[in-house]
Q: 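My structure is below; once you've seen it, I'll send some questions.
Here the structure is a predicted model, which means the values were calculated and not measured. For the numbers below, each heavy atom of this structure counts, side chains included, while hydrogens, waters and symmetry mates do not.
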Amino acid sequence: MSGLTLNKINKIYPNGFHAVKDFDLEIEDKEFIIFVGPSGCGKSTTLRMIAGLEEISSGELYIGENLVNNVAPKDRDIAMVFQNYALYPHMTVYDNMAFGLKMRKVPKADIKEKVEAAAKILGIEDLLKRKPKQLSGGQRQRVALGRAIVREPKVFLMDEPLSNLDAKLRVQMRAELSKLHQKLKTTIIYVTHDQTEAMTMGTRIVVMNDGIVQQVADPQTIYNYP
Ligand code: ADP
Ligand code: ADP
């Protein structure tokens with residue numbers, strides 16, 4: 001089981017700024033949940049606490065049954081996809097996708113199998129020998145997704161992953177991400193300020209404002225359509 005429980009999570013930055021206030025949420029196993037809200041409302045801070053990249057000031061975070069407040073990022077079974085693809089420019093697509101597995105000392109043959117399987121899911125089998133600069137924006141974003149997928153994490157965190165793509169590609173990737181979610185059967189927590197993404201991709205929407213969870217509901221309720 002890979003649901004998440006956020007129990008009165010707070011983030012107070014060292015400068016005293018209270019960025020996330022008593023964040024309470026149960027995320028179901030295999031849910032595709034969307035965080036929306038104005039810039040600066042605490043979405044990224046919350047994601048970063050879930051990933052373990054930012055310390056939790058108070059409250060408890062459970063992944064499945066496990067309290068993970070003090071668990072290192074690499075041991076949380078979580079993968080993160082950002083808007084700036086953060087690919088290694090000097091490595092091939094294959095090596096970009098393989099990198100995380102190599103670091104975890106996964107046997108070479110298994111790495112090859114996982115990278116090739118992920119490449120197939122994403123339709124980038126023919127790009128494995130290329131370098132990032134030889135790819136289009138959409139292809140790079142697929143590689144970034146591939147790098148997360150190969151690790152087979154229980155939970156994906158995605159912070160505006162499509163915001164650097166042009167409008168047409170965004171529409172296409174939206175549909176692909178929804179399909180990917182069904183294929184992978186994982187939990188996805190997805191941050192966006194794009195209302196269409198929020199309306200069409202998620203099962204539930206969390207509306208944040210000023211570090212507070214204002215509303216949690218399905219897209220129809222939030223955006224008021226029949
Ligand atoms: P969002 O992702 O919703 O745009 P963030 O989580 O990035 O918001 O930021 C929430 C608030 O916390 C913002 O007001 C931001 O300026 C502040 N903040 C982010 N990082 C730090 C930091 N390291 N120190 C102090 N304040 C920060
Ligand atoms: P190394 O430890 O030197 O990376 P590998 O045997 O894992 O050795 O692979 C050698 C190189 O061949 C890799 O670094 C990768 O760039 C490339 N490679 C391996 N499998 C594939 C593949 N299916 N498609 C494209 N490139 C591949």
Q: Quick one: does N66's side chain have a donor or acceptor within less than 3.5 Å of a partner on Y62's backbone?
A: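 Checking the backbone N and O of Y62 against the side chain of N66, no donor-acceptor pair under 3.5 Å is found.
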
Q: Quick one: salt bridge (charged side-chain N to carboxylate O under 4.0 Å, His left out) partners of K11, sequence neighbours excluded?
A: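 K11 satisfies salt bridge (charged side-chain N to carboxylate O under 4.0 Å, His left out) with E54 only.
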
Q: Give the C-alpha distance, both sets of side-chain angles, the deciding distance and a yes or no for side chain to side chain contact (heavy atoms under 4.5 Å, CB included) between I121 and K183.
A: CA-CA 9 Å; I121 287 175; K183 253 192 228 171; 4.1 Å; yes

Q: Let me see the working for I124 and L135 under side chain to side chain contact (heavy atoms under 4.5 Å, CB included), right down to the final yes or no.
A: CA-CA 10 Å; I124 54 173; L135 303 174; over 6 Å; no

Q: Check M173 against L165 and note the closest heavy-atom contact, atom names and distance.
A: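 Distance-wise, the nearest heavy atoms are CG-CD1, 3.7 Å.
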
Q: Using every non-hydrogen atom in the two residues, find where M208 and P38 come nearest and quote the distance to one decimal.
A: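 Shortest heavy-atom contact: O-CD, 3.5 Å.
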
Q: May I ask you to test the V207-I222 pair for a side-chain heavy-atom distance under 4.5 Å?
A: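 Sidechains of I222 and V207: in contact.
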
Q: Using a 4.5 Å cut-off on heavy atoms from C-beta on, say whether the side chain of T196 contacts that of M199.
A: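 Side chain of M199 against side chain of T196, heavy atoms only: no contact under 4.5 Å found.
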
Q: Measure across T221 and A217 and return the closest heavy-atom pair with its distance rounded to 0.1 Å.
A: CB-CB, 3.9 Å

Q: Kindly work out whether a path of hydrophobic side-chain contacts (I/L/V/M/F/W/Y, heavy atoms less than 4.5 Å apart) joins V216 to V155.
A: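 Yes, same cluster.
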
Q: Using the side chain to side chain contact (heavy atoms under 4.5 Å, CB included) rule, take D22 and I9 through it: C-alpha gap first, then chi angles, then the decisive distance, then the call.
A: CA-CA 5 Å; D22 285 343; I9 301 268; over 6 Å; no

Q: Mind checking what makes salt bridge (charged side-chain N to carboxylate O under 4.0 Å, His left out) contact with D159, not counting sequence neighbours?
A: none

Q: Using modelled atom types and a 3.5 Å cut-off, is there a donor and acceptor pairing between side-chain atoms of R151 and backbone atoms of A79?
A: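 Absent.
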
Q: Quick one: salt bridge (charged side-chain N to carboxylate O under 4.0 Å, His left out) partners of K8, sequence neighbours excluded?
A: D24

Q: Is the shortest heavy-atom distance from the side chain of Q141 to the side chain of V81 under 4.5 Å?
A: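 In contact.
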
Q: Sequence neighbours excluded, which residues qualify as side-chain hydrogen bond (donor to acceptor under 3.5 Å, both in side chains) partners of D110?
A: none

Q: With clusters defined by side-chain heavy atoms of hydrophobic residues (ILVMFWY) lying less than 4.5 Å apart, directly or transitively, does L162 cluster with L169?
A: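 In one cluster: yes.
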
Q: Do T192 and V36 have side chains that get closer than 4.5 Å, going by heavy atoms?
A: yes

Q: Sequence neighbours left out, what passes salt bridge (charged side-chain N to carboxylate O under 4.0 Å, His left out) with R142? Give chain and number order.
A: E176

Q: With sequence neighbours left out, which residue pairs that include part of residues 182-201 fulfil the ring-ring contact (aromatic ring centres under 6.0 Å, His included) condition?
A: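 For residues 182-201: F32-Y190.
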
Q: Calculate, to the nearest 0.5 Å, the distance between atoms CD and CG belonging to Q172 and L177 respectively.
A: 11.0 Å

Q: Following the transitive rule for hydrophobic clusters with a side-chain heavy-atom cut-off under 4.5 Å over Ile, Leu, Val, Met, Phe, Trp and Tyr, establish whether M103 and V115 coincide in one cluster.
A: no

Q: Indicate the atoms forming the closest heavy-atom contact of P161 with M158, along with that distance.
A: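 Between these two residues, the closest heavy atoms are CG-CB, 3.8 Å.
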
Q: Are I111 and M91 joined in one hydrophobic group, where the rule is that I, L, V, M, F, W and Y side chains link up if heavy atoms are under 4.5 Å apart?
A: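 No, it is not one cluster - the side chains of I111 and M91 are not joined through contacts under 4.5 Å.
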
Q: Going by the rule side-chain hydrogen bond (donor to acceptor under 3.5 Å, both in side chains), which residues pair with K114 if we only count those two or more places apart in sequence or in a different chain?
A: E152

Q: Checking side chain to side chain contact (heavy atoms under 4.5 Å, CB included) for the pair I50/L6: CA distance, chi angles, key distance, verdict?
A: CA-CA 9 Å; I50 295 171; L6 288 78; 4.1 Å; yes

Q: Kindly compute the distance separating CG (L53) from CZ (R76), expressed to the nearest 0.5 Å.
A: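 If I round to the nearest 0.5 Å, the distance is 8.0 Å.
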
Q: Would L61 end up clustered with I12 when hydrophobic side chains under 4.5 Å apart are linked, directly or stepwise?
A: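 No, no single cluster joins them.
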
Q: If a pair satisfies ring-ring contact (aromatic ring centres under 6.0 Å, His included) and one of its residues is in residues 123-148, list it, with sequence neighbours excluded.
A: none

Q: Under the rule for side-chain hydrogen bond (donor to acceptor under 3.5 Å, both in side chains), what residues qualify as partners of Y13, not counting sequence neighbours?
A: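 Scan of Y13 (side-chain hydrogen bond (donor to acceptor under 3.5 Å, both in side chains), adjacent residues dropped) gives T45.
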
Q: Kindly state each residue pair satisfying side chain to side chain donor-acceptor pair (under 3.5 Å) with at least one member in residues 200-215, sequence neighbours excluded.
A: E31-R204

Q: If you look only at pairs with a residue in residues 121-159, which of them pass as a ring-ring contact (aromatic ring centres under 6.0 Å, His included), with sequence neighbours excluded?
A: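 Sorted result for residues 121-159: empty, none.
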
Q: Decide yes or no for R140 and N164: does some side-chain heavy atom of the first lie under 4.5 Å from some side-chain heavy atom of the second?
A: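 The answer is no, as the side chains (C-beta and beyond) never meet within the 4.5 Å cut-off.
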
Q: Which residues pass the ring pair (Phe, Tyr, Trp, His ring centres under 6.0 Å) test with Y88, sequence neighbours left out?
A: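 Scan of Y88 (ring pair (Phe, Tyr, Trp, His ring centres under 6.0 Å), adjacent residues dropped) gives F99.
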
Q: Other residues, nucleotides and ligands only: do more than 12 of their heavy atoms fall within 6.0 Å of CD on E55?
A: no

Q: Search all heavy atoms of Q139 against all heavy atoms of Q134 and return the closest pair with its distance.
A: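 Scanning both residues completely, I find the closest heavy atoms to be OE1-O, 4.4 Å.
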
Q: Just so I know, are the side chains of I63 and V71 near enough to count as touching, which here means a heavy-atom distance under 4.5 Å?
A: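 A side-chain contact is absent here, since even the closest heavy-atom pair is not under 4.5 Å.
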
Q: Is there a side-chain contact between T187 and K154 (heavy atoms, below 4.5 Å)?
A: no

Q: Is there a side-chain contact between V143 and M97 (heavy atoms, below 4.5 Å)?
A: yes

